[in-house]
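Structure, as structure tokens:
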Amino acid sequence: MNNYPLQEIRDDYASLHHLTYLNTGTVGLMSESVLARHLENLAAYERAGHVGEPDARAGYERARTSFANLINADPDEIALNRNASDGVNYVLAGLDLPDGAALLTTDQEHPAVLLPMTLASRQTNSDIHMLEIVDDDEAMLAQLRELLSTNRIHLAVISHVSCESGQRLPIAEICRICREHGVLTLVDGAQSVAQFPVDVREIGCDFMTGNGHKWLCGPKGTGFIYIRRDRTNLLTPPYAGDGSVDPRFDRSKFLKDAIVNEWGFRADAQRFEFGTRNWHLYGAVEDAVDQLAGIGWTAIQQHVAEISTELKSDLAERPGISLHTPMSWERSCGIVSFSADGWDGVELSERLWQDHQIIQRRVQIPSGVRISCAHYTSREDIQRFLSALDELMQPVRRKP
Ligand SMILES: Cc1ncc(COP(=O)(O)O)c(C=O)c1O
């Protein structure tokens, strides 16, 4: 894309001057302009203490609106938290799983999903069923229908984009089929939000979790859970504190016996928020969103689609490389995963970093490497990575 202001964008990222950063799927880089405001927010609140709280809280509330707007939710359907893992835990710990009910997930989930699920399964004696992610959407949906018809599944927790292969799942179809079977859906949006348009109303999910620190390039330790308004009462928070209850805490009433039993959780998603929080961290969520929106979501998507598609073609034509990410943009995103003959993924990932200072991440099944193409990724970054890969592959390719 000729008029994409790539150089201007890159100039705002200090470390891109000396690093080849291809790991936005783990954490994004924060631009210098967002960082400057982020540090101002931090200093203002830390210096002013209680006097600074209204401003810090105003930034926190703007983050709620920013996250809500990004996924077409309403702000009262958003609980702010630390990360995507928090959101999965909120749902699994908050749902009253009926006896004998089972859970469903996929075979490519992040520990953010798998660990809370196994915890819930231990605590409630529920089975976990696995949908196998395959490179054929229709076959995958048929498998889903079969699983839902033969098991009493209560909740499905499914990533919108696999953190392993980068495959974009037909999530609206998945949620529709779950709904037809009376199954609740929690979508893990950690790898989809800010990569391409995500609309919870179109997707039709009950819950969605996400974070500010990957593709949004916002502050670390900022995340959200979307709770569809009419599903709020399905979740009873495992913790209570000032801010999460209704009516608001009032000591004079609380000391009278009756009120002890009278409070309930707030009617909105904020039933999960209480106590003093890092209000000031969230101000930069809005700045990060605004920065990307200023570049243009469509322009970013077009840029990322172009370079990731080129990368996939380049990898596919190299001997000894197996690509794990679908070729089409509609079934993928900026994540590209592959395996290399003769290389374990962990080892290849380490050598790309140690020998070539290229930052990427290993994937485990199949063992390989994951490259993330983001709005600031250049063709030169990709060329540097491909040259490094070719160099590391030379001894393997030379073998008779
Ligand atoms: C699909 C997916 N879900 C969840 C997470 C965890 O996100 P967080 O660190 O915000 O809990 C990741 C992180 O890599 C991920 O890829």
Side-chain angles (χ1 to χ4, degrees), residues 21-30 63 66-67 70-71 78-93 103-120 130-131 133 155-171 174 185-196 198 203 205 207-226 272 278 281-282 284-285 288-289 308 324-325 331-337 345-346 349 359-365 368-374:
Y21 194 82
L22 299 172
N23 197 11
T24 304
T26 298
V27 282
L29 300 174
M30 186 176 276
S66 296
F67 279 134
L70 262 182
I71 60 169
I78 299 289
L80 295 177
N81 53 25
R82 298 168 300 185
N83 47 46
S85 312
D86 263 356
V88 180
N89 277 290
Y90 286 11
V91 175
L92 282 160
L103 300 166
L104 176 75
T105 190
T106 80
D107 61 348
Q108 290 192 14
E109 297 302 325
H110 191 272
V113 165
L114 295 175
L115 295 177
M117 281 193 97
T118 44
L119 182 63
M130 292 277 178
L131 175 72
I133 296 191
L155 171 75
V157 190
I158 295 189
S159 281
H160 196 169
V161 165
S162 158
C163 60
E164 291 288 290
S165 63
Q167 183 169 332
R168 191 189 308 198
L169 300 195
I171 203 70
I174 290 175
T185 45
L186 162 57
V187 174
D188 178 353
Q191 298 291 358
S192 60
V193 173
Q195 279 233 66
F196 49 80
V198 173
I203 291 171
C205 56
F207 313 107
M208 177 179 281
T209 187
N211 58 40
H213 59 250
K214 291 183 190 291
W215 299 94
L216 276 176
C217 297
K220 318 297 174 275
T222 54
F224 71 88
I225 175 84
Y226 155 76
F272 284 98
N278 290 327
L281 288 192
Y282 292 76
V285 169
V289 172
S308 58
H324 304 313
T325 312
R331 297 187 54 246
S332 63
C333 59
I335 292 176
V336 176
S337 294
V346 172
S349 173
I359 299 162
Q360 30 57 50
R361 179 189 181 274
R362 56 102 184 91
V363 286
Q364 287 179 297
I365 303 177
V369 163
R370 183 182 84 184
I371 299 296
S372 299
C373 303

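Only a predicted model underlies this, so the values are computations on that prediction, with no experimental measurement involved. Order of appearance sets the numbers: ligands from 1, and atoms from 1 within every ligand.
- For the pair A84 and ligand 1, the shortest N or O to N or O distance falls below 3.5 Å.
- Rounding to the nearest 0.5 Å gives a distance of 11.5 Å between CG of L80 and CG of N278.
- If you take CD1 on I171 and OG on S192, they are separated by 8.0 Å, rounding to the nearest 0.5 Å.
- The closest heavy-atom contact to atom 7 (O) of ligand 1, among the options V161, I335, N83, N211, comes from N211.
- Heavy atoms from other residues, nucleotides or ligands lying under 6.0 Å from CZ of R82 number 12 at most.
- Within ligand 1, counting atoms from 1 as listed, the ones closer than 4.0 Å to a heavy atom of A112 are 4 (C), 5 (C), 6 (C).
- Between R370 atom CZ and H324 atom NE2 the span is 13.0 Å, to the nearest 0.5 Å.
- Protein heavy atom in closest approach to atom 13 (C) of ligand 1: K214 NZ, 2.5 Å.
- Other residues, nucleotides and ligands contribute more than 12 heavy atoms inside 6.0 Å of the CG atom of L119.
- When S337, S349, S372 are each tested for a side chain to side chain donor-acceptor pair (under 3.5 Å) with Q360, only one passes: S349.
- Contacts between A190 and ligand 1, counted as non-hydrogen atom pairs separated by less than 4.0 Å, involve the side chain only.
- In the vicinity of S159, heavy-atom distances shorter than 4.0 Å reach the ligand 1 atoms 1 (C).
- Interatomic distance, Q195 CD to C333 SG, rounded to the nearest 0.5 Å: 4.0 Å.
- The option from D188, N81, L114 that lies nearest to atom 2 (C) of ligand 1, judged by heavy atoms, is D188.
- The protein non-hydrogen atom at the shortest distance from atom 9 (O) of ligand 1 is H213 NE2, 3.6 Å.
- At a cut-off of 3.5 Å, with distance as the only test, no side-chain donor of Q167 or S162 sits close to an acceptor on the other residue.
- Scanning all protein heavy atoms for the shortest distance to atom 6 (C) of ligand 1 gives H110 CE1, 3.5 Å.
- With hydrogens left out, the protein atom closest to atom 16 (O) of ligand 1 is Q191 NE2, 2.7 Å, a heavy atom.
- The shortest contact between atom 11 (O) of ligand 1 and any protein heavy atom is with S85 OG, 2.5 Å.
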